[in-house]
Amino acid sequence: MSEEKKSLNFLEQIVEEDLAKGLDKHKLKFRFPPEPNGYLHIGHAASICLNFGLGIKYNAPVNLRFDDTNPSKEEQEYVDSIKKDIEWLGFKWEKELYASDYFQQLYEWAIELIKLGKAYVDDQSSEEIAQQKGTPTQPGVNSPYRDRSVEENLELFERMKKGEFPEGSHVLRAKIDMASPNMLMRDPIMYRVLKKAHHRTGNEWNIYPMYDWAHGESDYIEQISHSLCTLEFKPHRELYDWFLDQVYSNKNLRPKQREFARRNISYTVMSKRKLLQLVEEKIVDGWDDPRMPTISGLRRRGYTPESIKKFSEVAGIAKRDNVTDIALLEFFVRDQLNKIAPRVMAVLDPVKVIITNYPKGKEEWLEAENNPEDENAGSRQVPFSRELYIEREDFKEEANKKFFRLSLGNEVRLKNAYIIKAESVAKDANGTITEIHCTYDPLSKSGSGTEESKRKVKGTLHWVSIQHAVKAEVRLYDRLFLDEAPDGHKDKDFKEFINPNSLIVIENAYLEPSLQTAKPLDKFQFQRLGYFCVDTNSTSDKLIFNRTVPLRDTWAKIEQKN
RNA sequence: UGGCCCAUGGUGUAAUGGUAACACUCCGGUUUUUGGUACCGUCAUUCAAGGUUCGAGUCCUUGUGGGCCAACCA
C-alpha cells in the first residue's frame with residue numbers, strides 16, 4: 001500500500017516549524033473554545049475537526065473550554081448541546097473547562113496590573129469612551145481618569161466587584177496607547193459591571209472579564225500551545241500578546257494565537273445571530289430543524305459524523321475568504337449513505353396500478369437485495385400483489401424514446417418483481433389518471449433465471465403493494481435560501497432569499513412494510529428517490545421520514561433542458 | 001483618508017524558487033434490474049504591470065480587487 005503524502009495546511013506547518021525549532025512535542029496542546037450562546041454549526045465543525053484533528057495527529061490533549069464571560073447571552077442549554085454535538089462527531093476532549101473557572105485568577109492578575117499602573121478604572125459612559133477612542137484613521141484621546149492613583153483604582157475596582165456601582169457606570173481598562181493604529185490597543189476594557197446571574201458562578205460576581213482579557217490568559221493557564229481562531233481575531237493578536245506579556249513567566253509555555261478563515265457554505269447563513277433569528281422568528285422549527293446548518297440540524301436531516309468530518313477535511317483550511325459549494329457536503333453524505341443505507345421502496349406520489357392477469361387475493365413475498373454496494377447487507381422479503389402503487393411521474397400515456405418508464409403498450413420492470421406492460425388507463429372527470437391497467441409476464445420474475453427474466457427493458461420502477469403498504473409522513477427538505485450568499489447583499493436582508501419550498505410535507509406516503517419498525521435516525525435509501533432518515537419525533541404509530549438529500553437525478557436535468 | 005490580512009479553473013484546496021495537482025460542480029460518454037453507484041473524458045498558464053533569478057504561482061515593488069478593525073459581544 002502506497003501511502004499518499006498529504007500536504008500540510010498552513011497551521012500544521014506552523015506546528016511543524018515550532019517542533020523543528022525545539023518545542024517539546026509533549027507540550028503540544030489545543031483547545032476548542034465555543035461561546036455557549038448558540039448551537040454549533042457546520043462552520044464550527046471546521047474548527048472542531050482542525051483542533052481535535054491536530055490533537056489526534058500529534059497525540060496531544062484538546063480541551064473543551066467554554067468562553068462564558070458574558071452571562072447575558074449564555075445558557076446551560078447551549079453548553080449541553082455543544083457537548084452533545086462534539087461527542088456525536090466522535091471527538092473526545094481532555095478536560096471540560098470554562099473561562100469562568102478562572103474568574104478569580106483573572107481578578108487577581110487585574111489587581112496586579114493596577115498596581116503596576118497598567119490598568120485603571122474609567123468612570124465614563126460607553127458613549128464617551130467610544131468617542132474618545134477615535135476612528136481607524138484618527139487617533140483617540142486619553143480618558144480624564146487615565147492617571148488616577150493606584151490606590152484610587154484599587155478601591156474603585158474593589159467597589160465594582162462588590163456591586164456598589166450600577167451597570168455601565170465603571171469599567172477597568174488596560175493602559176496601553178490611545179494613539180495605536182490598532183483600535184484594540186486603545187486602552188481596551190478588561191472588566192465591566194454586569195449584575196447578571198451566571199450559568200455557573202451564579203451571583204458571585206458583579207464584574208465580568210472581556211474576551212480579550214479572558215481568552216489569552218485562559219490559554220496560558222491551560223498551557224495551550226497553539227490557540228487557533230478565525231481571521232477576524234487577527235487584530236486581537238497584538239492585544240493577546242500584550243496581555244500575555246503581563247503574566248508570562250519563561251518557565252512556562254507561551255501560547256501562540258494564529259488565525260484561519262472561517263468556513264462559509266453556499267445557500268445558507270452561518271452567523272449565530274442570524275441562525276438565532278431564524279429560530280426566534282419561527283422561520284424554522286428550532287435549532288435542530290433539518291434545514292439548519294447546525295450540527296444538530298444536520299444530524300436530524302440524516303447526515304453522518306463521517307460525512308461532516310470528511311467534508312471538513314477535504315474543504316481544507318486556509319486564510320482566504322471562501323464560500324464552499326454545498327454540493328461538496330452533499331457529495332460526502334451521498335458517498336457514505338450509498339455504502340451503508342439499506343435500499344427500500346417508497347412511493348411518495350402514488351398512482352394505482354392493477355395487474356389484470358394477476359390472480360385476485362394472491363400475494364407473493366419476493367426477495368429484495370438490501371444494498372448492492374454491501375454484500376454483507378443481506379436481503380429481505382417484500383410483498384407483491386395485484387394492486388400496486390407506483391410514482392405518478394413514472395407513467396405517461398404516450399412518451400418519446402427518451403422516457404425509460406411506463407407508457408401505454410410498453411414494458412418496464414418492477415424492481416425485484418416482474419416485467420409489466422401498460423394496457424390502458426382509467427381517468428376521473430378531470431382527466432386525471434386513477435388507474436393504470438397492466439399485464440405482467442409470470443415468467444419474468446427477478447432472479448428466476450428464465451429467459452424472460454433476462455429480457456432487457458428500458459427501465460425499472462419502484463413500487464409498493466397497496467394492501468401491504470404502511471403510511472408515513474415524508475418531509476422533503478430543500479435548501480433554506482435561494483441565493484448562493486444570502487447574507488452577502490449589502491442592501492438586502494438575508495431573509496428576503498428564503499426558499500418558500502424549503503419544506504414540502506407529504507402527509508401520506510406509502511412504504512414497504514419492512515419500514516414499520518424503523519427507529520429515529522435510521523437511514524435508508526428510498527430507491528430512485530433519495531436518502532431518508534427517520535425523524536427524531538417519529539413513532540411506530542406515526543412514522544416520519546426526512547429527506548436527507550435526493551439521489552443524483554440526470555433525468556430531471558434532461559427534462560429541465562426541454 | 002490609517003493599520004492589518006488575502007488574491008491559483010465555476011467552487012474549495014495543493015504545488016514550500018524547477019515548469020500548475022486533487023476533490024466537488026458542470027458538460028459528454030461506458031456499464032447497470034435504482035436515469036443511483038462505478039468507470040472514462042472535457043473545463044486555468046496562477047488579479048495586473050514592472051523587477052530579482054538560468055528559472056517566479058511562489059521573492060521584491062507598485063497598482064487593482066476583496067476582507068477585517070471605531071460592541072461595557074465573542
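Just so it is clear, the structure is predicted and the values come from calculations on it, not from any experiment.
- Annotation: B:rU31 and B:rC43 have their C1' atoms spaced 24 Å apart (nearest Å).
- Taking atom CZ on A:R258 and atom C1' on B:rC5, their separation rounds to 13 Å, with Å as the unit.
- Spacing between B:rU16 and B:rU58 at atom P, rounded to whole Å, works out to 12 Å.
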Worksheet item: How does protein contact run along nucleotides 64-73 of chain B, one letter per nucleotide 5' to 3', with B for base contact, S for sugar-phosphate only, - for none, heavy atoms under 4.0 Å?
Response: ---SSSB-BB
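- Here the C1' atom of nucleotide B:rC6 and the CG atom of A:N264 are 14 Å apart, to the nearest Å.
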Is there any protein nitrogen or oxygen under 3.5 Å from a nitrogen or oxygen in nucleotides 20-22 of chain B, and what are the pairs?
none

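- Whole-Å rounding puts the A:Q257 CD to B:rC5 C1' distance at 13 Å.
- Across B:rC39 and B:rC24, the matching P atoms stand 9 Å from one another, rounded to whole Å.
- Listed pair A:R262 / B:rG12 fails the phosphate criterion, with no side-chain N or O lying under 4.0 Å from OP1 or OP2.
- The salt bridge (charged side-chain N to carboxylate O under 4.0 Å, His left out) test applied to A:E77 returns no partner, not counting sequence neighbours.
- For the contact set between residues 265-276 of chain A and RNA chain B, defined by any heavy atom under 4.0 Å, there are no members.
- Between A:D122 and the choices A:R146, A:R173, A:R148, the salt bridge (Lys or Arg N to Asp or Glu O under 4.0 Å) rule is met once, by A:R173.
- As rounded to the nearest Å, B:rG10 and B:rC6 have P atoms that lie 23 Å from one another.
- Ring orientation note: the planes of A:F384 and A:Y440 are tilted relative to one another, at an angle of 30° to 60°.
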Discussion item. I'd like to know whether A:K445 forms a salt bridge (charged side-chain N to carboxylate O under 4.0 Å, His left out) with A:E452, so could you lay out the CA-CA distance, the side-chain angles of the two residues, the decisive distance to 0.1 Å, and finally the verdict.
Written reply: CA-CA 8 Å; A:K445 187 158 121 183; A:E452 290 81 353; over 6 Å; no
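- Comparing the same atom, P, in B:rA7 and in B:rA15 gives a spacing of 12 Å after rounding to whole Å.
- Annotation: B:rU1 and B:rC27 have their C1' atoms spaced 49 Å apart (nearest Å).
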Practice prompt. Would you please test A:E367 and A:S379 for side chain to side chain donor-acceptor pair (under 3.5 Å) and show each step?
Written response: CA-CA 7 Å; A:E367 179 162 346; A:S379 62; 3.0 Å; yes
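- For A:R237, the salt bridge (charged side-chain N to carboxylate O under 4.0 Å, His left out) criterion is met by A:E259, not counting sequence neighbours.
- Ring geometry for A:F103 versus A:H198: interplanar angle over 60°, hence perpendicular rather than tilted (30 to 60°).
- The distance from atom NZ of A:K319 to atom C1' of B:rG12 is 18 Å, rounded to the nearest whole Å.
- Using a 3.5 Å distance cut-off with no hydrogens or angles, the side chains of A:H462 and A:E391 do pair a donor with an acceptor.
- With no hydrogens or angles considered, a side-chain donor-acceptor pair links A:D219 and A:Y240 at under 3.5 Å.
- Within 4.0 Å (heavy atoms only), A:E330 reaches no atom of the nucleic acid at all.
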Response to the item:
Annotated structure of RNA chain B as dot-bracket, pair cut-off 3.5 Å, Watson-Crick or G-U only, | for inter-strand, is .((((((..((((....[..))))..((((.......)))).....(((((..]....))))))))))).....
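- Shown here are the salt bridge (charged side-chain N to carboxylate O under 4.0 Å, His left out) partners of A:K309, two or more places apart in sequence or in another chain: there are none.
- The ring of A:W205 has its center closer than 6.0 angstrom to the ring center of A:Y107.
- For A:K339, the salt bridge (charged side-chain N to carboxylate O under 4.0 Å, His left out) partners are A:D335, not counting sequence neighbours.
- Residues meeting the side chain to side chain contact (heavy atoms under 4.5 Å, CB included) test with A:L8, sequence neighbours left out: A:E12, A:Q13, A:E16, A:K57.
- Two rings, from A:Y267 and A:F481, have their centers 6.0 Å or more apart.
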For nucleotides 40-42 of chain B, list the nitrogen or oxygen atoms of the protein found under 3.5 Å from its nitrogen or oxygen atoms, one pair per line.
none

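- In this structure, the ring of A:F157 has its center less than 6.0 angstrom from the ring center of A:Y191.
- Here A:R343 pairs with A:N338, A:N371, A:P372, A:E373, A:Q525, A:Q527, A:Y531 under the side chain to side chain contact (heavy atoms under 4.5 Å, CB included) rule; sequence neighbours left out.
- If you look at A:H44 and A:Y39, their ring centroids are not closer than 6.0 Å.
- Here the separation of B:rG9 from B:rA14, taken at their P atoms, is 13 Å to the nearest Å.
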Worksheet item: For every nucleotide of nucleotides 24-38 of chain B, 5' to 3': is a protein heavy atom under 4.0 Å from its base (B), only from its sugar-phosphate (S), or from neither (-)?
Response: SSSSS----BBBBS-
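- A gap of 40 Å separates the C1' atoms of B:rG29 and B:rG65, to the nearest Å.
- Taking CG of A:L228 as the reference point, atom CG of A:L54 lies at 6.5 Å (rounded to 0.5 Å).
- Rounded to whole angstrom, the span from the NZ atom of A:K310 across to the C1' atom of B:rU13 amounts to 13 Å.
- Aromatic rings from A:W463 and A:Y389 are positioned such that their centres are separated by 6.0 Å or more.
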